[in-house]
2 protein chains.
Amino acid sequence: MGTANQKTIQQIQSENSDFFRIAFSVDCVIFGFHKNELNVLLLKSDLEEFKDKWSLLGDLVRTDENLDDAPYRILQERTGLKDVFLEQVSTFGDIDRHPAGRVITTVYYSLINVKDHLLRLQHHELSWFPVTKMPQLAFDHYKILQTCIKKLQDKIDKEPVVFNLLPEKFSLRELQNLYEAILDTKLDRRNFRKKLFLMDWLEDAKEMEQDVPHRPGKLYHYRASTTKPATAQTLVQ
Amino acid sequence: MGTANQKTIQQIQSENSDFFRIAFSVDCVIFGFHKNELNVLLLKSDLEEFKDKWSLLGDLVRTDENLDDAPYRILQERTGLKDVFLEQVSTFGDIDRHPAGRVITTVYYSLINVKDHLLRLQHHELSWFPVTKMPQLAFDHYKILQTCIKKLQDKIDKEPVVFNLLPEKFSLRELQNLYEAILDTKLDRRNFRKKLFLMDWLEDAKEMEQDVPHRPGKLYHYRASTTKPATAQTLVQ
DNA sequence: GCAAAAGTGTTTTGCGTACACCCATGC
DNA sequence: GCATGGGTGTACGCAAAACACTTTTGC
């Protein structure tokens with residue numbers, strides 16, 4: 001903040017005790033891809049006001065953790081997941097967004113691979129919901145979710161983030177289904193393949209699909225290498 | 001937040017008193033356009049640790065105001081400006097970002113028209129600095145500023161926000177200078193004009209520049225109307 | 001042999017980019 | 001008349017979009 005003067009935070013606290021009536025939380029929109037649908041992980045709300053509603057995974061921020069670390073902790077605690085993709089989206093702080101009092105929340109979205117990590121769903125009631133069939137959400141979580149979906153849609157055009165949602169090896173069809181699910185639209189197969197190969201994100205896994213009732217497709221994996229050869233340089237300028 | 005159970009905020013507060021050692025602020029990156037340079041409004045820091053450094057305009061969030069309202073209040077209080085363009089950018093919350101204690105801050109950027117509003121600079125030491133010649137900044141404000149510049153650069157390609165930085169009537173040359181200052185690059189004049197007219201953001205003000213030592217250019221103003229008139233529809237078909 | 005999806009190329013169109021000359025005004 | 005910036009059009013290359021047929025496998 002810009003107006004701090006020469007005081008300790010404790011002094012500020014006592015002089016501005018009102019300001020410390022604000023609680024600070026983090027909420028996570030956790031996306032997964034399952035049965036050709038984009039899913040979100042939700043928790044059954046335990047607030048009386050929101051009985052039968054669901055909510056995003058969230059928690060208060062600890063005083064001894066960086067803000068950007070909090071969502072990693074929450075995911076680890078609730079799902080056992082580590083090393084996931086996470087990105088900050090926005091912060092929501094309307095006065096009345098939480099019925100119990102003033103809570104400002106910073107929202108992150110996460111992309112995880114549902115199949116690889118069998119979630120150890122704890123005693124909490126956790127469940128996946130397709131974004132097209134969302135239950136009633138508590139708080140302002142519906143608005144938050146829509147913001148995250150928009151952000152994700154913008155992101156996948158330019159950045160190779162979708163691979164976080166897929167198993168290591170995948171077919172082009174699966175990848176296209178995923179893009180279609182996120183963008184909520186149909187894509188032309190030939191143009192999609194052309195564009196993806198141009199992006200230089202894919203590497204041939206030298207394997208084929210197994211046990212499909214039709215001609216098996218090739219499998220690919222994400223080319224993590226950031227060493228984009230000459231192409232990148234020619235694109236600049 | 002997602003894990004609230006049936007408690008009042010006061011109960012939560014007493015049980016989690018540690019969490020309420022976090023202060024919550026808002027910082028504003030206020031952009032102006034002056035002498036063909038993108039400028040930022042800064043305040044001389046009054047923290048001893050940051051003597052001779054400058055900082056963004058910020059303040060603690062009040063318990064009785066929506067988060068998104070706080071930056072409007074801050075701008076009003078410090079500069080007298082009302083009805084400005086403001087957009088939330090991101091929230092910064094590293095443990096040690098503020099020397100006096102734990103402060104999480106949500107950052108907004110603002111675009112204002114320097115000439116129209118003669119700022120009533122109060123007793124605070126406020127000053128404009130070109131983004132190319134920034135002084136030493138306090139806290140993590142340099143990082144915050146860079147994030148905001150990046151956001152602004154992305155934004156002006158798609159959205160008509162730059163007009164907030166200009167007087168009501170302006171020449172195409174001024175507009176191009178502004179784009180060049182924000183993007184930190186040179187643009188081709190003919191292509192720039194073509195693109196801007198295609199965007200359908202401009203309307204002929206039926207006036208010319210005055211007192212310029214060369215052929216005067218036409219003045220335009222921003223076409224606020226989102227009602228793209230018949231042209232679009234009649235041209236289709 | 002039939003169903004189902006894989007794999008593949010060409011054409012068209014629009015957009016971004018590069019580029020040079022005449023024009024209107026103040027001095 | 002000269003310096004300064006205003007105003008305009010064309011050609012090229014690339015990328016997006018539209019579009020149909022053959023191939024491979026399981027059953």
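These figures come from a predicted structure and were not determined experimentally. In what follows, chains are A, B, ... by sequence order, proteins preceding strands, each numbered from 1.
Every residue two or more places apart in sequence or in another chain that forms a side-chain hydrogen bond (donor to acceptor under 3.5 Å, both in side chains) with B/N36 is listed here: B/N177. Scored by the salt bridge (Lys or Arg N to Asp or Glu O under 4.0 Å) test, B/D140 finds B/R97 as partners (sequence neighbours excluded). For the side-chain contact (heavy atoms from CB on, under 4.5 Å) test, residues two or more places apart in sequence or in another chain that qualify with A/Y142 are A/L137, A/Q146. For B/E159, there are no side-chain hydrogen bond (donor to acceptor under 3.5 Å, both in side chains) partners at least two apart in sequence or on another chain. Listed by chain and residue number, A/D154 satisfy the salt bridge (Lys or Arg N to Asp or Glu O under 4.0 Å) test with A/K150 (two or more places apart in sequence, or in another chain). Not counting sequence neighbours, the partners of B/K186 by the salt bridge (Lys or Arg N to Asp or Glu O under 4.0 Å) test are B/E180. The side-chain contact (heavy atoms from CB on, under 4.5 Å) search around A/N39 returns A/H34, A/E37, A/W128, A/P130, not counting sequence neighbours. Taking the salt bridge (Lys or Arg N to Asp or Glu O under 4.0 Å) definition, one finds that A/K158 meets it with nothing, sequence neighbours left out.
Atom CG in B/D157 sits roughly 15 Å away from atom P in C/dC15 (whole-Å rounding). Rounding to whole angstrom units, NZ of residue A/K218 and P of D/dT25 are separated by 13 Å. Atom pair A/K158:NZ and D/dA15:C1' shows a separation of 18 Å (rounding to whole Å applied). As a whole-Å value, the separation of A/R173 CZ from D/dT24 P is 19 Å. Atom CZ in A/F197 sits about 18 Å away from atom C1' in D/dA16, given to the nearest Å.
Contacts between residues 175-186 of chain A and DNA chain C, counted as heavy-atom distances below 4.0 Å, involve no residue at all. Contacts between residues 188-196 of chain B and DNA chain D, defined by a heavy-atom separation below 4.0 Å, involve B/R189, B/R190, B/R193, B/K194, listed by number.
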Please write out the pairs of protein N or O atoms and N or O atoms of nucleotides 24-27 of chain C separated by less than 3.5 Å, giving the distance to one decimal.
residue: C/dA24; atom: O4'; partner: B/R215; partner atom: NE; Å: 3.4

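Ring orientation note: the planes of A/Y222 and A/F163 are close to parallel, at an angle under 30° on the 30°/60° scale.
Applying the side-chain hydrogen bond (donor to acceptor under 3.5 Å, both in side chains) rule to pairs touching residues 207-218 of chain B yields B/K169-B/E207, B/D204-B/K218, sequence neighbours excluded.
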A/R78 and A/D59: CA distance, side-chain angles, deciding distance, salt bridge (Lys or Arg N to Asp or Glu O under 4.0 Å) verdict: CA-CA 10 Å; A/R78 302 298 184 82; A/D59 197 6; 5.2 Å; no
